[in-house]
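As a basis for the values below, the full set of heavy atoms in this structure was taken, side chains included, without hydrogen atoms, waters or symmetry mates.
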Amino acid sequence: MTWSLNLGDWRDQIDSVDEVDAIITDPPFGDRTHKGDVAAAVQTLSVRNQKTRRAIDYKCFHPADVFEFVYSWQHKNKGWWICITSHDLIPAWEQAFREIGLYSFAPLPFIRKVPRLLGDGPASWADYIMAARPRNTTYSRWGCRPGAYVLEKGHYERKKISVGGKPIWLMKKLVEDYTKPGDTVCDPFAGGATTLAAATMLGRKSIGFELNEETYRKALERMSGIAQNSDVA
């Protein structure tokens with residue numbers, strides 16, 4: 001088997017993980033973003049055909065969580081760090097990466113084109129991808145990669161295993177851009193196993209962890225029939 005999905009908190013199982021080639025993950029967003037999404041979930045939006053959004057059912061991330069995560073995985077990950085986040089946590093990710101000696105790049109926008117429409121100012125069209133790499137010759141010669149990822153027509157996926165799940169096309173692009181065939185990709189916040197699915201499709205090995213038992217069961221079903229279920233995030 002080229003993939004492994006584990007039920008439980010990554011903190012309790014990290015010692016069982018050998019060295020990985022990259023971390024590509026979508027951890028919880030910050031408190032400000034969670035509060036906005038909770039408000040959106042209870043408001044019926046006409047642009048969504050009068051359907052109410054599902055509320056976020058997991059805890060938000062705080063800067064302390066970012067630092068714990070980065071410091072915990074620093075000796076397990078030998079390659080790229082690709083972490084999707086909200087704008088309020090960008091400074092924490094940048095500082096944490098610097099403190100463990102990584103080269104941290106400017107945040108990469110992921111333009112969803114499905115904006116959050118609550119509030120009294122500009123609507124939010126983007127999430128952000130934090131990219132960092134080791135300061136060595138191998139990774140400094142990796143080559144130029146896209147400066148943004150933009151949702152294209154026909155790629156929006158409404159059917160998702162977990163709230164906030166990212167589209168398969170995005171995770172495939174990130175896996176393709178920041179790993180090589182045969183590499184092992186780790187996603188400690190696996191959700192619906194979109195990263196693991198993308199890695200499997202592209203000939204990479206993968207390991208993930210999911211805390212929610214119901215989401216875990218659905219993700220296992222997805223991975224078991226990946227060829228038929230690649231449209232679920």
- Query: Backbone N or O of Asp177 within a donor-acceptor pair of the Arg145 side chain at under 3.5 Å?
  - Reply: yes
- Item | Heavy-atom check, side chain of Pro63 versus side chain of Leu89, under 4.5 Å | yes
- Task: Spell out, yes or no, whether Leu5 and Leu211 are grouped together once hydrophobic residues are joined by side-chain heavy atoms under 4.5 Å, including indirect joins.
- Result: no
- Message: Looking at Ser86 and Phe29, would you say the former's side chain and the latter's main chain have a donor-acceptor pair under 3.5 Å?
- Response: no
- Task: Supply the atom-to-atom distance Ile100 CD1 to Asn77 CG, rounded to the nearest 0.5 angstrom.
- Result: 8.0 Å
- Are the side chain of Glu210 and the backbone of Arg217 linked by a donor-acceptor contact shorter than 3.5 Å? no
- Message: Between Ser140 and Arg133, is there a side-chain donor-acceptor contact under 3.5 Å, judged purely by atom types and distance?
- Response: no
- Please report the C-alpha distance between Gln13 and Val17 in whole Å, then the side-chain angles of each, then the deciding distance to 0.1 Å, and finally whether the side-chain contact (heavy atoms from CB on, under 4.5 Å) criterion is met. CA-CA 7 Å; Gln13 304 182 57; Val17 179; 5.9 Å; no
- Query: Where is the tightest heavy-atom contact between Asp21 and Tyr139, given as atom of each residue plus distance?
  - Reply: O-OH, 4.2 Å
- Heavy atoms of Pro188 and Phe69 approach each other most closely as CG-CE1, 3.6 Å
- Output the distance between atom CG (Leu220) and atom CG (Asn6), rounded to the nearest 0.5 Å. 9.5 Å
- List for me each residue that meets side chain to side chain donor-acceptor pair (under 3.5 Å) alongside Thr25, sequence neighbours excluded, and say none if there are none. Asp187
- Message: Test side-chain contact (heavy atoms from CB on, under 4.5 Å) on Ile14 and His75; report intermediate values, then the result.
- Response: CA-CA 11 Å; Ile14 188 171; His75 299 303; over 6 Å; no
- Query: Say you draw a straight line from CG of Leu108 to CG of Leu174; how long is it, rounded to the nearest 0.5 Å?
  - Reply: 8.5 Å
- Item | Residues Trp169, Tyr149; criterion ring pair (Phe, Tyr, Trp, His ring centres under 6.0 Å); working and verdict | CA-CA 10 Å; Trp169 71 265; Tyr149 294 85; 7.3 Å; no
- Note on the structure: Minimal heavy-atom distance between Ala96 and Val66, with the atoms involved, is CB-CG1, 4.3 Å
- Item | side-chain contact (heavy atoms from CB on, under 4.5 Å) assessment of Arg98 paired with Glu94 | CA-CA 6 Å; Arg98 286 196 303 268; Glu94 290 179 328; 3.7 Å; yes
- Query: Is the count of non-hydrogen atoms from other residues, nucleotides or ligands lying under 6.0 Å from Lys76 atom NZ greater than 12?
  - Reply: yes
- Where do Ala193 and Ala219 come nearest, in terms of heavy atoms and distance? CB-CB, 3.8 Å
- Item | Spacing of OG belonging to Ser224 relative to CH2 belonging to Trp3, to within rounding of 0.5 Å | 5.0 Å
- Message: Could you tell me if the side chain of Ile129 sits less than 4.5 Å from the side chain of Tyr178, heavy atoms only?
- Response: no
- Task: Find the distance between NZ (Lys205) and OG1 (Thr179) and round it off to the nearest 0.5 Å.
- Result: 11.0 Å
- Lys78 side-chain N/O to Val20 backbone N/O, donor-acceptor pair under 3.5 Å: no
- Query: So Asp26 and Asp127, side-chain contact (heavy atoms from CB on, under 4.5 Å) or not? Walk me through it.
  - Reply: CA-CA 10 Å; Asp26 180 22; Asp127 296 330; over 6 Å; no
- Could you list all the side-chain hydrogen bond (donor to acceptor under 3.5 Å, both in side chains) pairs where at least one residue sits in residues 61-73, not counting sequence neighbours? Arg11-Glu68, Tyr71-Glu99
- Task: State, to 0.1 Å, how close Leu196 and Ser206 come at their nearest heavy-atom pair, and which atoms those are.
- Result: CG-OG, 3.4 Å
- Query: Only one of Phe97, Phe189, Tyr128 forms a side chain to side chain contact (heavy atoms under 4.5 Å, CB included) with Cys83, so which one is it?
  - Reply: Phe97
- Message: Taking side chain to side chain donor-acceptor pair (under 3.5 Å) as the definition, give me every residue that meets it alongside Trp93, ordered by chain and number, with sequence neighbours left out.
- Response: Thr85
- Message: What's the separation between atom NZ in Lys166 and atom OG1 in Thr194, rounded to the nearest 0.5 Å?
- Response: 9.0 Å
- Item | For the student: nearest non-hydrogen atoms of Pro27 and Phe61, plus distance | CB-CE2, 3.9 Å
